[in-house]
Amino acid sequence: MTRIIKLLICIAGGYLVGSLNPAALFSKLKKTDLRSNGTGNLGATNTMLVLGKKAGALVMLFDIGKAAICVTLANMIFKDIYIAGLITGCFTVIGHIFPFYMKFKGGKGFGPFAGMILAFDPLIFLILLVVCVALMILCNYSVGLTWSAAVLFPIFSTIKTHDPVILILTFSISCLIMSKHFENLKKAIKGEDVKVRSTIKKLFSK
């Protein structure tokens, strides 16, 4: 099997697994259109806001897990291609955002993005988790988490590897994440986005 075929398997496999969207499934089961409620997004945060913390937690675990598993399997199967896992993870994120069976309109990709980072390097994941969650709580908007993680991931991964190929891959997928959360950033600047601290209090007071 040639390297090109192996990479095509990583791309196709990552995309297809990434396109599996549990938020869309919950939306159908609960007969509640997540696109017309809350933030209008088919992701864990909006599932939690509209359908409750249990449903949101399940969606989050699935979205993180699908990317982490894809990256891990690709690294195990294609050991001769050092970027196999990262390529697979990137396309898991892309599949989540642009699923073919939903007219290429899926979630915003942060769940699988986090799962990809976790499988790529658990230490970088833990550092980003602490730093970015702190920034989110400090600025009181979820975009503090998504944007800071997207900005810092390429920096940390390149510091560790000193690899221009990894820089290109991590920077590209991070730019996609930032672009999908750009509206959230504009809302946060205007003070119109969902407040994190009050949302946490509301969810855990139920």
*Asks:* Partners of T158 by side-chain contact (heavy atoms from CB on, under 4.5 Å), sequence neighbours excluded?
*Replies:* L167

*Asks:* Assigning hydrophobic clusters by single linkage (Ile, Leu, Val, Met, Phe, Trp, Tyr; side-chain heavy-atom cutoff under 4.5 Å), is I127 placed with L129?
*Replies:*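 Same hydrophobic cluster.
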
*Asks:* Does anything in residues 7-59 pair up under ring pair (Phe, Tyr, Trp, His ring centres under 6.0 Å), and if so which pairs, sequence neighbours excluded?
*Replies:*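 Not a single pair qualifies under ring pair (Phe, Tyr, Trp, His ring centres under 6.0 Å).
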
*Asks:* Taking side-chain hydrogen bond (donor to acceptor under 3.5 Å, both in side chains) as the cut-off, I'd like each qualifying pair that reaches into residues 88-99, sequence neighbours left out, listed once.
*Replies:*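 Applying side-chain hydrogen bond (donor to acceptor under 3.5 Å, both in side chains) to every pair that reaches into residues 88-99, excluding sequence neighbours, yields K66-H96.
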
*Asks:* With side-chain hydrogen bond (donor to acceptor under 3.5 Å, both in side chains) as the rule and sequence neighbours excluded, what pairs involving residues 101-119 come up?
*Replies:*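 Checked against side-chain hydrogen bond (donor to acceptor under 3.5 Å, both in side chains) - neighbours excluded - the pairs reaching residues 101-119 are K108-N184.
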
*Asks:* Show the nearest heavy-atom pair for residues L145 and C132, with the distance to one decimal.
*Replies:*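 Minimum heavy-atom separation between L145 and C132: CD1-CB, 3.5 Å.
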
*Asks:* What about L176 and L42, same hydrophobic cluster or not, with Ile/Leu/Val/Met/Phe/Trp/Tyr joined at side-chain heavy-atom distances under 4.5 Å?
*Replies:*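 Cluster IDs for L176 and L42 match.
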
*Asks:* Between I94 and I173, is any pair of side-chain heavy atoms under 4.5 Å apart?
*Replies:*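 Contact flag for I94/I173 side chains = yes.
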
*Asks:* Could you list who else is in I4's hydrophobic cluster, with ILVMFWY side chains joined at under 4.5 Å, directly or through other members?
*Replies:* L8

*Asks:* S27 side chain to A23 main-chain N or O, any donor-acceptor pair under 3.5 Å?
*Replies:*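 Flag not set: sc S27 to bb A23 has no pair under 3.5 Å.
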
*Asks:* Could you tell me the separation between the CD1 atom of I189 and the SG atom of C139, rounded to the nearest 0.5 Å?
*Replies:* 10.5 Å

*Asks:* Check side-chain contact (heavy atoms from CB on, under 4.5 Å) between I137 and all other residues, then give those that pass, not counting sequence neighbours.
*Replies:* V133, R197

*Asks:* Which pairs pass salt bridge (Lys or Arg N to Asp or Glu O under 4.0 Å) with one or both residues in residues 4-18, sequence neighbours excluded?
*Replies:*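 Salt bridge (Lys or Arg N to Asp or Glu O under 4.0 Å) check on residues 4-18 returns K6-D80.
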
*Asks:* Verify side chain to side chain contact (heavy atoms under 4.5 Å, CB included) between F110 and V93, making sure each step is shown before the conclusion.
*Replies:* CA-CA 8 Å; F110 189 71; V93 175; over 6 Å; no

*Asks:* Within the structure provided, determine whether T32 and V50 are in side-chain contact (heavy-atom separation under 4.5 Å).
*Replies:* yes

*Asks:* List, by chain and then residue number, the residues other than M76 in its hydrophobic cluster (Ile/Leu/Val/Met/Phe/Trp/Tyr, side-chain heavy atoms under 4.5 Å); write none if there are no others.
*Replies:*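 Direct or chained contacts put M76 with none.
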
*Asks:* If you group Ile, Leu, Val, Met, Phe, Trp and Tyr by side-chain heavy-atom gaps below 4.5 Å, do V196 and L138 land in one group?
*Replies:*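 In one cluster: no.
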
*Asks:* Could you tell me which non-hydrogen atom of G144 sits nearest to which non-hydrogen atom of L135, and how far apart they are?
*Replies:* O-CB, 4.3 Å

*Asks:* As a quick check of understanding, evaluate side chain to side chain contact (heavy atoms under 4.5 Å, CB included) for V151 and M178, giving each step before the final call.
*Replies:* CA-CA 8 Å; V151 168; M178 286 187 283; 3.8 Å; yes

*Asks:* Cluster question for you: counting only ILVMFWY and a side-chain heavy-atom cut-off of under 4.5 Å, with indirect links fine, are L86 and F171 together?
*Replies:*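 As far as the 4.5 Å side-chain criterion goes, F171 and L86 are not connected within one cluster.
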
*Asks:* Step by step, would you call L58 with K54 a side chain to side chain contact (heavy atoms under 4.5 Å, CB included)?
*Replies:* CA-CA 6 Å; L58 286 172; K54 288 182 180 178; 5.6 Å; no

*Asks:* So which pairs with a foot in residues 114-158 pass ring pair (Phe, Tyr, Trp, His ring centres under 6.0 Å), sequence neighbours left out?
*Replies:*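 Matches after skipping sequence neighbours: F113-F153, F120-F153.
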
*Asks:* By side-chain contact (heavy atoms from CB on, under 4.5 Å), which residues pair with D121, not counting sequence neighbours?
*Replies:* L123, I124, K160

*Asks:* Quick check for you: to the nearest 0.5 Å, what is the distance between S142 atom OG and L185 atom CG?
*Replies:* 10.5 Å

*Asks:* To the nearest 0.5 angstrom, please state how far the CG atom of L34 sits from the CG atom of N21.
*Replies:* 9.0 Å

*Asks:* Which pair of heavy atoms, one from L128 and one from A149, lies closest together, and at what distance?
*Replies:*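 Taking every non-hydrogen atom into account, CD1-O, 4.4 Å.
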
*Asks:* Under the 3.5 angstrom rule, does the side chain of S174 hit a backbone N or O of A150 as a donor-acceptor pair?
*Replies:*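 Checking the backbone N and O of A150 against the side chain of S174, a donor-acceptor pair under 3.5 Å is found.
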
*Asks:* Same cluster for I177 and F104 if Ile/Leu/Val/Met/Phe/Trp/Tyr side chains link at under 4.5 Å?
*Replies:*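 Yes, one cluster joins them.
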
*Asks:* Report the distance from atom CD1 of I87 to atom CD1 of I11, rounding to the nearest 0.5 Å.
*Replies:* 6.0 Å

*Asks:* Please report the shortest heavy-atom distance between C10 and A74, naming the atom on each side.
*Replies:* SG-CB, 4.3 Å

*Asks:* Does F98, at its CZ atom, have more than 12 non-hydrogen atoms belonging to other residues, nucleotides or ligands within less than 6.0 Å?
*Replies:*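 Yes - once you tally the heavy atoms of other residues, nucleotides and ligands closer than 6.0 Å, there are more than 12.
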
*Asks:* Test question: given the 4.5 Å side-chain rule for I, L, V, M, F, W and Y, name all other residues clustered with L20, or answer none.
*Replies:*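 Its cluster mates, by chain and number, are F62.
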
*Asks:* Between the side chains of Y82 and N75, is a donor N or O closer than 3.5 angstrom to an acceptor N or O?
*Replies:* no

*Asks:* Roughly how far apart are S19 OG and F91 CZ, rounded to 0.5 Å?
*Replies:*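 Between S19 OG and F91 CZ, I get 13.0 Å after rounding to 0.5 Å.
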
*Asks:* Atom CG of L7 and atom CD1 of I83: how far apart are they, to the nearest 0.5 Å?
*Replies:* 6.0 Å

*Asks:* Kindly give the heavy-atom pair with the smallest separation between G43 and V59, and that separation in Å.
*Replies:*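 Minimum heavy-atom contact is C-CG1, 4.0 Å.
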
*Asks:* Quick one: closest heavy-atom pair of M102 and A24, and the distance?
*Replies:* SD-CB, 3.9 Å

*Asks:* So does A44 get a backbone contact from the side chain of D63, meaning a donor-acceptor N/O pair under 3.5 Å?
*Replies:*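 The answer is no, because no donor-acceptor pair under 3.5 Å joins these two groups.
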
*Asks:* List the residues meeting side-chain contact (heavy atoms from CB on, under 4.5 Å) with L61, not counting sequence neighbours, and say none if there are none.
*Replies:* none

